[in-house]
**Q** 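What follows is a single structure, and I will ask about it in a moment.
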Protein chains: 2
Amino acid sequence: MTELAPDEPKFEQVAAILRARIASGEYPPRTRVPSELKLVAEFGINSRTAAKALQALVEAGLTRRVRGMGSFVVPAEGDGAPEQG
Amino acid sequence: MTELAPDEPKFEQVAAILRARIASGEYPPRTRVPSELKLVAEFGINSRTAAKALQALVEAGLTRRVRGMGSFVVPAEGDGAPEQG
DNA sequence: GGAAATTTGTTCGTATGTATA
DNA sequence: TTATACATACGAACAAATTTC
């Protein structure tokens, strides 16, 4: 279980970690990032806090969330297939 | 207490009502819109739901929220004094 | 078509912290 | 200090969409 520093909101810290993983290629375009429950297990946070972290990625334009499916990394512009939605 | 229809999320309905009031001039630019607690009292919703409605206005670019002060209607562009923030 | 599991969406309730007046 | 108001976080329940069996 990853430890989080107390000096910054948890949801922002988790979002920052996920952003770094996306940037590093750990979560390539069109693949899924961890679900709320996975983040709960990994970081020891509440599911609502996990949801807020995932929502922050959406607002940053990095992912899309699809009910019943998960959060998916948004492909960079001009990479081939047209985007849905 | 205003009644809300059950076929649309409450936070969206409340946000829509507030948007209409802003558009009508009931909440002029630079004035405050109702606080979370006021919305709780007016619509009979939970404070977290009220917060979500107010946040929706921010994301629509209609208001700004200031901790300890409230939610303020953002002036239309090119109306005079420069905006803060 | 149904059942179950997974995942996100909405709502409620509560507590605590931070900022302003 | 007190009151007001937003921010963060936890816990819980249920709804809705998707996938898999």
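Protein chains get the first letters and strands the later ones, always in sequence-line order, with residue 1 at the start of each.
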**Q** Roughly, in whole Å, what's the span from CD in A/Glu36 to P in D/dC10?
**A** 13 Å

**Q** Can you identify which nucleotide, out of C/dT8, C/dG9, C/dT7, has its nearest atom closest to the A/Gln55 side chain?
**A**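 For A/Gln55, the side-chain atoms sit closest to C/dG9.
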
**Q** Do B/Thr63 and B/Tyr27 touch side chain to side chain, with heavy atoms closer than 4.5 Å?
**A** no

**Q** Atom CD1 of A/Ile45 and atom P of D/dT8: how far apart are they, to the nearest Å?
**A** 14 Å

**Q** Would you say a side-chain N or O of A/Lys52 is under 4.0 Å from OP1 or OP2 of D/dA7?
**A**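 So the side chain of A/Lys52 is outside the cut-off, no N or O lying under 4.0 Å from OP1 or OP2 of D/dA7.
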
**Q** Roughly, in whole Å, what's the span from CZ in A/Phe72 to P in D/dT18?
**A**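 To the nearest whole Å, that distance equals 11 Å.
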
**Q** Rounded to the nearest angstrom, tell me the gap between atom CG in B/Leu37 and atom P in C/dG13.
**A** 13 Å

**Q** Rounded to the nearest 0.5 Å, what separation is found between the CG atom of A/Leu57 and the CD1 atom of A/Ile22?
**A**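 Answer rounded to 0.5 Å: 5.0 Å.
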
**Q** Using side-chain contact (heavy atoms from CB on, under 4.5 Å) as the criterion, list what pairs up with B/Phe72, not counting sequence neighbours.
**A** B/Arg32, B/Val66, B/Met69

**Q** Rounded to the Å, how far apart are B/Phe43 CZ and C/dT10 P?
**A** 18 Å

**Q** Look at B/Arg32 and D/dA5 and indicate whether a side-chain polar atom (N or O) is within less than 4.0 Å of OP1 or OP2.
**A** yes

**Q** Just verifying a value: how many Å separate A/Thr49 OG1 and A/Lys52 NZ, rounded to the nearest 0.5 Å?
**A** 8.0 Å

**Q** Quick one: is D/dA9 close enough that its OP1 or OP2 comes under 4.0 Å of any side-chain N or O from A/Asn46?
**A** no

**Q** Below 4.5 Å, heavy atoms only, C-beta onward: do A/Glu59 and B/Glu59 meet side chain to side chain?
**A** yes

**Q** Find the distance A/Leu54:CG to C/dT6:C1' and express it as a whole number of Å.
**A** 14 Å

**Q** May I ask you to evaluate whether A/Arg65 reaches the phosphate of C/dG9, defined as a side-chain N or O under 4.0 Å from OP1 or OP2?
**A**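 It does, given that an N or O in the side chain of A/Arg65 lies less than 4.0 Å from OP1 or OP2 of C/dG9.
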
**Q** To the nearest angstrom, how far is B/Leu39 atom CG from D/dA5 atom P?
**A** 11 Å

**Q** OP1, OP2 of C/dC12 versus side-chain N and O of B/Thr49: anything below 4.0 Å?
**A** yes

**Q** Please determine whether a side-chain nitrogen or oxygen atom of B/Arg48 lies at a distance below 4.0 Å from atom OP1 or OP2 of D/dA7.
**A** no

**Q** Strictly below 4.0 Å: does A/Lys10 bring a side-chain N or O up to OP1 or OP2 of D/dC10?
**A**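 Yes, because at least one side-chain N or O of A/Lys10 sits under 4.0 Å from OP1 or OP2 of D/dC10.
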
**Q** Which one, C/dT10, C/dT8, D/dC6, comes nearest to the side chain of B/Ser71?
**A** D/dC6

**Q** Which part of the nucleic acid does A/Ser47 contact within heavy-atom distance under 4.0 Å: base, sugar-phosphate only, or nothing?
**A**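 Answer is nothing: A/Ser47 stays at 4.0 Å or more from every strand.
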
**Q** Separation of A/Arg67 atom CZ from D/dT19 atom P, in whole Å?
**A**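 Taking CZ of A/Arg67 and P of D/dT19, I get 14 Å after rounding.
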
